[in-house]
Protein chains: 2
Amino acid sequence: MSTIKEVAKRAGVSVGTVSKVINNIAVKPKTKQAVELAIKELNYEPNIYARGLKVNRTHTVALIIPTVWNPFYGELAFHIERYLREKQYKMILCNSEGDYVTELAYFTMAKQNQVDGIITVTYSDIESYISNSIPLISIDRFFNDNIPYVSSDNFSGGALAAKHLDDVGCQSVCFIGHGSKKDNATRNRRKGFVDYCERHQKSYLIFDDQGHHETFQRNLELFLKKEVIETSTIDGIFAVTDDYAFQVIDYVTKNGKRIPEDVQIIGFDGIKSSATDEIKITTICQPIEEIAKMSVNGVIALINKREVSHEVLLPVQLFQGKTTKG
Amino acid sequence: MSTIKEVAKRAGVSVGTVSKVINNIAVKPKTKQAVELAIKELNYEPNIYARGLKVNRTHTVALIIPTVWNPFYGELAFHIERYLREKQYKMILCNSEGDYVTELAYFTMAKQNQVDGIITVTYSDIESYISNSIPLISIDRFFNDNIPYVSSDNFSGGALAAKHLDDVGCQSVCFIGHGSKKDNATRNRRKGFVDYCERHQKSYLIFDDQGHHETFQRNLELFLKKEVIETSTIDGIFAVTDDYAFQVIDYVTKNGKRIPEDVQIIGFDGIKSSATDEIKITTICQPIEEIAKMSVNGVIALINKREVSHEVLLPVQLFQGKTTKG
DNA sequence: TTGTATGCGTTATCAC
DNA sequence: GTGATAACGCATACAA
């Protein structure tokens, strides 16, 4: 590994001049040529640490998500990395797996100047650990007025889902969620759904179980059995995410119900398992790429001490699939 | 941000002593206490650049994959990140999107000491750009004897797929692949498949179109139409990845064929779109987590100048789903 | 326009 | 066991 000194010696100039060439500061064309030649000959690469020690920038952003092994976060991570790369930033990926100790480790990293900023989707209460000196963008979750966040318009999305079920003729609808005490995305979807139903005097049910995986699963099936399979009380279902929609579809079709003839289902997210995949159900699509873009723009703005709007709410869109009578 | 100097002053010791405490080098218990107190009081975090400048280690590994937005690579990335984190390494993620310029940028990064090592799944010819001074592990692809690689036993997997189709009673089978000139994973699956068929005198067909997305798609459908829909020449299909298996399933069911009654299908990979998802078809499962583990172990061994076996071949397993008569 | 010198925060090598 | 100090490679202010 050659250093700037060696380059300087070979080019017959001083280290200062070499540094100037590297950083694109005006230099006589001839010297510039000589330096560039020497750089090439020596296969020189600036040492990132030495530079970082001076300028305190890594051009690296950390993305903290529950897990990248999931169509939604996978797509999000994909787009965020792409936008960051476009802006010459690298992305460190952290799968927090919902563990807030892991998340904290990354905030510490940020303090060590290992990363210039953080983009995070978190459901834990990290508020007290966030020094506001760290450029941080939150996705889908409101913390406080100091932390900018970008999110889909979940409230409108929930309302839109309710409206769609209404439009396609459902008489009695229900919301299916996995419970959350935080004021986060899914909460707002529920709120929007309820809001529409009350405004339009639709009768609705809420299933929002907070149990862990197995408990939730069991309770959900009991609920569906009672309200859909045995009594047909419900003919329209809004699942708070596509994942849950798939679960519901699985269960009710296995139990003899036809979709959309007997019961219509709409999800939320618009997930595709890869870029070439297709959306499989009627759903409310989140503008994932746009979320990625705004998050990246936001964190870079913060890094550069520019003003950032505290809240970015992105519009969602109905995708008409075959799980409702469109 | 406080520095080691400030800590030293507050603790009434020298910077050298503080450094010792930080790096767990023997120090009198009393001084250690004093230093630790000062560290806490000042909320001190070592600056990673300064340290890096000295020791030339980032504890960061780059993972280069085509795209994380895909169940297979998503799962792989998830596990790799987890194992790296376990070993106190951070992971920089790069979605190369098959673009080799992007890949090269990351090799340059490695040269700049930005990352200690690289784990890569690549289908481009990066050989000439790889200085063997960079700790590098290749997944699924053999380059040369200097670059260690870890991979599923794709050859055996291909043979196993053929054997399974044979076992469940298929008379005439076919391989469906997306062509590849490189000696990579899918190639070996094909070889294993062919090998079994020839050894056992099974009649087989090969569809291994190299066209781009749309061309491939069109040709595949023409092939299926001719061999499966119209003539029923083929009653057993081995798709080189689960993705293609899904495409095949989609097309043939839409055209009136029943699976597995009319035609049996086996895929390769064993993908699940998330940790809680289930495998949907009969397939040859790759030990993705094991691949991740071995890659991480490998790259860390290389970083520490330890010996690494040049080839790690991991066993695959048949998963019996509903797309073959198991 | 170019060269010189200083310092970034840490680790490591010496003395003590 | 501890303290002083050189060195890591670079950017930059300032001098020339």
Side-chain angles (χ1 to χ4, degrees), chain A residues 1-39 42-60 88 108-116 133, chain B residues 1-39 41-60 88 108-116 133 304:
Chain A
M1 211 64 262
S2 43
T3 74
I4 199 172
K5 259 186 209 159
E6 298 169 304
V7 174
K9 192 195 273 181
R10 181 164 199 119
V13 297
S14 77
V15 292
T17 307
V18 175
S19 179
K20 286 189 182 68
V21 171
I22 293 167
N23 295 289
N24 262 317
I25 296 173
V27 143
K28 221 195 285 181
K30 217 183 253 172
T31 34
K32 181 166 181 173
Q33 263 183 9
V35 170
E36 281 171 345
L37 180 66
I39 288 178
L42 292 175
N43 210 342
Y44 166 74
E45 299 284 352
N47 179 308
I48 216 74
Y49 295 123
R51 176 178 284 166
L53 187 54
K54 289 297 288 185
V55 302
N56 237 27
R57 285 285 171 84
T58 55
H59 267 247
T60 302
Q88 321 276 14
T108 304
M109 245 176 57
K111 284 191 210 145
Q112 292 177 319
N113 291 325
Q114 190 127 332
V115 297
D116 296 344
S133 63
Chain B
M1 211 63 259
S2 44
T3 73
I4 199 172
K5 259 185 209 159
E6 297 169 305
V7 173
K9 192 196 273 180
R10 181 165 198 119
V13 299
S14 76
V15 292
T17 307
V18 176
S19 179
K20 286 191 181 68
V21 172
I22 294 168
N23 295 290
N24 262 317
I25 296 173
V27 141
K28 220 195 286 181
K30 218 184 251 175
T31 35
K32 181 167 181 173
Q33 262 184 9
V35 171
E36 281 172 344
L37 179 66
I39 288 178
E41 287 176 338
L42 292 174
N43 211 340
Y44 166 75
E45 299 282 352
N47 180 308
I48 216 73
Y49 295 122
R51 176 177 285 166
L53 184 55
K54 287 299 287 187
V55 302
N56 237 27
R57 285 287 171 84
T58 55
H59 266 247
T60 303
Q88 321 276 14
T108 303
M109 246 175 57
K111 284 190 211 146
Q112 292 176 318
N113 290 326
Q114 190 127 333
V115 297
D116 296 345
S133 62
N304 296 319

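Chain identifiers are assigned alphabetically (A, B, ...) following the order of the sequence lines, protein sequences preceding nucleic acid strands; residue numbering begins at 1 within each chain.
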Kindly give the heavy-atom pair with the smallest separation between [X] and [Y], and that separation in Å.
{"X": "A/Ile22", "Y": "A/Pro46", "answer": "CG2-CG, 4.4 Å"}
{"X": "B/Val27", "Y": "B/Lys20", "answer": "CG2-CB, 3.8 Å"}
{"X": "B/Gln88", "Y": "B/His59", "answer": "O-ND1, 3.0 Å"}

Would you check if [X] and [Y] make a side-chain contact, meaning some heavy-atom pair closer than 4.5 Å?
{"X": "B/Val13", "Y": "B/Val18", "value": "yes"}
{"X": "A/Arg51", "Y": "A/Asn23", "value": "yes"}
{"X": "A/Asn47", "Y": "B/Asn56", "value": "yes"}

Students should find this one: the first and last nucleotides of DNA chain C, 5' to 3', lying under 4.0 Å from a heavy atom of chain A. What are they?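 Extent of the interface on DNA chain C: C/dT1 to C/dG9.
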Using a 4.0 Å cut-off on protein heavy atoms (strictly under), produce a 5'-to-3' string for nucleotides 10-16 of chain D with B for base contact, S for backbone-only sugar-phosphate contact, and - for none. BBB----
Pairs in or reaching into residues 1-15 of chain B: which pass salt bridge (Lys or Arg N to Asp or Glu O under 4.0 Å), with residues at least two apart or in two chains? B/Arg10-B/Glu41
